[in-house]
Each structure stands twice: as structure tokens, then as C-alpha cells.
Amino acid sequence: MPSLYYKYKDSPHEEVYKIEKDTVSAGRLPSNDIALLDSSVSRNHFIIKRESGGYYIYDNGSSNGTFLNNKKIDSRARLNDLDQISAGSVTFVFREEELTTIKEIPSSELNTIASSPSLLNNVYLDIIFSVARNALYLHDQAQFYADTIRLVCDAVKAEYGAILLISGETGELALTAANHDYGQGIRGISSSILNQSVKNRAGLLVRNASADNRFLNDSTIQNMGIYSALCAPIWEKEHVYGAIYADRRISRVQFSEENLNFVTIIANLLALNIAHERLSHKIADERNIAEQIKRFVPMEAVAGLLDMIKNNPSSMWNVQEVNRTTVMFADIVGFTTMAEKSSPAEIARILRAFFEKATTVVLSNGGSINKFLGDGFMAVFGTPVSHADDADRAIKSSVSLIEWVKKEENGIRITLRIGMDTGPVVGIMVGSAQRLEYTVIGNTVNVASRLQSMADINQILISSDTNSFIKTPVNTKLIGTTEVKGKQNPVTVYLVIC
């Protein structure tokens, strides 16, 4: 309840009068509620009345006047918390009742509250259990939130309630579930109550919203007729996910601190559920990314790439400029004719055997399978992991594949043509956590593809750039030059003698 703290001039003693009546009078006469023994005060100096919207002060025809915050009152004036009133030489301070409680419940206290009959009744404990159980077993999140807000509103006898979560797209609170549709969605909820609770990360209990000076400018409270309200932030550690909100609009019964304790616990349960869901998705994505990276990256690079992505997830999508990379193209000669003469099952068997061998050879030599191209593939040596002898590794892989297809014991009869070039490329990761692909682009890719198309049966054609970077002795033969789109000068071509 509100109070008047007052003292006489030059007196160190302060007296307190609790305003328990709708009308309180102050003056020199003993008949006043506050009898002031001071000659500067009129016999009936001022009156304070409780009216719609709060408390008001009236001057009661005093000789010296009544002053509110050093301004003389002409007729009446609205009293706000900590307002100063002067009647003669007597000064007053108006203190409103505590209409709003801001309460933070640390996680260390939640277990105590949840297990203490003196703090929560059995109905609340049953609902807390139900929400926790639904969080574990109810996989439909929309239904989970709808059931939760219904249980909360039934428990605290709220006329309106809502769960709001911060949108990943807008970063703003969005209505996720509500127990009634007032036709205005989030606009039917007091934004000042909601924002104060979320900003302070503390539960908010508003006993009489229309009489609380904190919310005088909140048009929603006035328009929707909100009387008492509860709000608890949904947050865990440093992450704020949203809030639970509840109010009463018809009932003139105020919410209690027990109601606030209960709603805060439910909010914490929701926060833990959201954190668990996000962690599960993150782990699943990381596993999926790891499995996909293993498809095209040598094992020596997998751990480093995963650590980099884990520490800085956005780095996975960075564009990487690589100064020197050897790009290798290989395909099966005459595949279209072979496909026409063979059964689909036989073609599938041949491709499966070829691609398995190619993947094993490339990865074992520290290269990466960039992509499969129907009857061929593209491999990269030098990114995302590089070696000083990447050109040698590419040559070794090519020679191994040519030797493999020449052996009759491999169970298939195919011939290959292979081309490669060494130079700068741009490496990028494309796709999503569900389907990733690492690819490189640049003239080096175009040259390697061109040389592969020029090669004859079981030939390996390489550019002069690749030939110049080979460190181990390899027999090569100069073939000539060729024009390649995107290159200003003709490309000098060498044949690798297997």
C-alpha cells in the first residue's frame, strides 16, 4: 500500500502514514487523518484521494498553498512514486506500493523451489512433471508449446497466456503458442512488461498494471484492460530464447509470487529443452559434415577441417584462393558405346568398381575427390590440404589407375584417358550441412579438362606447368601445344610414359 513519509522543518525525525483509506486529509485540526502541529499549515490543508488510475492530491483551500515537486497545485495533481509535497514548512514524500516485483531465480535455487511444498503446491509439481515428460516424448514442437501454455494458464488461472520465442530470421520475439486468440497476436501483449523481463533476464510480477507508473505509457495495458501480469524469460546460460507471458483482464485478483516461481520454473524447463534440441541438431550436423568431408578429403585433413569448422562454423563457407593446385580429370573411353551393349547391372558393377578404386588411389595419395562425372571424375591435389609434391601425387595416382585397368584380374575391361594441369584455383564449399560439396574453379580446371578430352586410350596428358613441378623422375614426352579457352597463350602438352 502507498505511504506518506513526512517531517517538520529542522527536525531529523521522519514519520510514516500508511494510506489505507480512499480519502486522506492533512491539516492542523485534530480531526484530520494526519494532524500537523505547525502554524504554517492550514487547518484543512490538502486531501489525497484514490481514484481511477491512481492517487490524486487536492489543495483544500489552504492559506499558503500546497506544492507538488515545487509547483503550486491549482486544482488536483496525479501522485507518482517519490513525489515531494510541501504544506507550509512540512515536507512529504509519496511512496507507492510495490506494484511490480522483479525476481531472478538462479538455477541453483530451482531444485529447492521445485521440491519444496512450502513454495509450490502439488498441482504445480504435477504440471512441472507433465511439461518435463512432454519435452522428452512429444516430438511435435508446436503441440508441445500449445500444451505447455494451456497447462500454465490453467494452473495460475490466467485469462490469457502465450509463449514467445526469438525468431532466427528477424531476431525479434514472435508468438509461438497462446491459450486464446485475442485477434492481435503479439500486439495484444504488453511489450513493456515483456521487454523488461527479457532484458533483465528476470521474472516479472505486475500486481496492478494500470496503477503502476512504470506502465503509464503502455497503451496495450489500457486498451486490453490488463490488470495483473506474469512474465518469465526463457533463457539458459548466455542464450535468451524467448519468454512465457500470462495476464488477467477480467478478474481483479492479483497474481502471487508463488505463481511467479512456478512460471519461472516452466520457463527454465523450456530453455533446457530448446538448448537440448539445438545441441542435438548441432551434433547431428557435425556428424553429417564429418561423414561428407570424409568422402572427398584425405583422412590427414579431416580432423583439422572439423576443428576449424567447430571453432568457426562460418569458415566452412569461406572462399579459399590457392596459388598452386594440381587438377586431374579421368574418364572411361567409349563409355556410351559400352553402355549400349551391356546390361544396366553390368554398367553399375563396372562404375562401382572403377569409382571405388579411383577413390582409394586418390585419397591414399593425399588428394581429394572433387566430383564424379557420370563415367569419370575430377580430383584435386593441393586443396583443402596441400603438400610440396602434389604434382607427383597426382601423377602417381594416374599411373596407378592406368596400371589397374590394364590388369585382367580386376574383373572389368575398360580404358581411360587422363588429363591434368597445375596452377591457381579458387576453392569453395557449396551446399548445406545435409549435402556438402567442395569444388574448385579457375582456368587450371579448364585446362585439365581440355587435356583429358585430348588424351588417347590409356594416355595421361599433362601441362608444362604440371611437368615443371614434378620432383621425382618421370618419363614424359613433349606432344605439342593446344589452345584452351580462357588462356592467352597456347598450353604446352606432355605425355606421361607409363
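Formation of a donor-acceptor pair under 3.5 Å by the S453 side chain with backbone atoms of R450 is found in this model. Judged purely by atom type and a 3.5 angstrom limit, D218 uses its side chain to pair as donor or acceptor with the backbone of T220. A distance-only check finds a donor-acceptor pair linking the side chain of D140 to the backbone of A142 [under 3.5 Å]. Judged purely by atom type and a 3.5 angstrom limit, S368 has no side-chain atom pairing as donor or acceptor with the backbone of N370. Under the 3.5 Å distance criterion, the side-chain polar atoms of S228 are left unmatched by any main-chain donor or acceptor of N208. Remark: side-chain polar atoms of E172 are not paired, donor with acceptor, to backbone N or O of I166 under 3.5 angstrom. Without hydrogens or angle criteria, D390 side chain to S386 main chain gives no donor-acceptor distance under 3.5 Å. For the pair N273 (side chain) and L269 (backbone), a donor-acceptor distance under 3.5 Å is absent. A donor-acceptor pair under 3.5 Å is formed between the side chain of S364 and the backbone N or O of V361.
Listed by first then second residue, pairs satisfying side-chain hydrogen bond (donor to acceptor under 3.5 Å, both in side chains) with a partner in residues 329-348 read D331-R417, D331-Q452, E346-R349, not counting sequence neighbours.
By the 30° and 60° cut-offs, the orientation of the rings of F372 relative to F377 is perpendicular.
The side-chain heavy atoms of I414 and F354, taken from C-beta on, include a pair separated by under 4.5 Å. Two residues are said to be in side-chain contact when any heavy atoms from C-beta on lie closer than 4.5 Å; T444 and P424 meet this criterion. Between V445 and M378, some side-chain heavy-atom pair lies under the 4.5 Å cut-off. Residues Y245 and L164 have side chains in contact (heavy-atom distance under 4.5 Å, counting atoms from C-beta outward). L416 has its side chain within reach of I402: a pair of non-hydrogen atoms, C-beta onward, lies under 4.5 Å apart. With contacts defined as side-chain heavy-atom distances shorter than 4.5 Å, the pair T481/V491 does not qualify. When side chains are defined from C-beta on, D456 counts as touching Q459, because their heavy atoms get closer than 4.5 Å. By the 4.5 Å heavy-atom criterion applied to side chains, C153 and Y160 are not counted as neighbours.
When each of V380, T325, V322 is paired with V440, the side chain to side chain contact (heavy atoms under 4.5 Å, CB included) condition holds for V380 and for no other.
At a cut-off of 3.5 Å, with distance as the only test, a side-chain donor of N259 or S256 sits close to an acceptor on the other residue. Checked by atom type, the side-chain pair T472/D392 shows a donor-acceptor distance below 3.5 Å. For the 3.5 Å distance criterion, the side chains of D147 and Q143 qualify, holding a donor opposite an acceptor.
A cation-pi arrangement is absent between R249 and Y227, since the terminal nitrogen or guanidinium carbon is not both under 6.0 Å from the aromatic centre and inside a 45° cone about the axis. Relative to the ring axis of F469, R324 places its NZ or CZ within 45° and under 6.0 Å from the centre.
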Review point. For V405 and R413, what are the C-alpha separation, side-chain angles and deciding distance, and is it a side chain to side chain contact (heavy atoms under 4.5 Å, CB included)?
Key: CA-CA 7 Å; V405 297; R413 292 185 178 182; over 6 Å; no
Point to revise | Working for side chain to side chain contact (heavy atoms under 4.5 Å, CB included), residues L165 and I234 | key: CA-CA 8 Å; L165 298 179; I234 301 171; 4.1 Å; yes
**Study point:** Steps toward side chain to side chain contact (heavy atoms under 4.5 Å, CB included) verdict (S398, M328)
**Key:** CA-CA 8 Å; S398 300; M328 164 185 164; 3.4 Å; yes
Exercise for review: Begin from the C-alpha positions of S251 and K157 and carry the test side chain to side chain contact (heavy atoms under 4.5 Å, CB included) through to its verdict.
Suggested key: CA-CA 10 Å; S251 171; K157 295 180 172 54; over 6 Å; no
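Closest approach of A267 and P233 over heavy atoms only: CB-O, 3.4 Å. Across all non-hydrogen atoms, the minimal contact from G161 to N179 is N-OD1, 2.6 Å. Considering every non-hydrogen atom in both M420 and L451, the closest pair reads O-CD1, 3.3 Å.
In terms of the side-chain hydrogen bond (donor to acceptor under 3.5 Å, both in side chains) criterion, R248 has no residue partners (sequence neighbours excluded). In this structure T422 satisfies the side-chain hydrogen bond (donor to acceptor under 3.5 Å, both in side chains) test together with T326, T466, sequence neighbours excluded.
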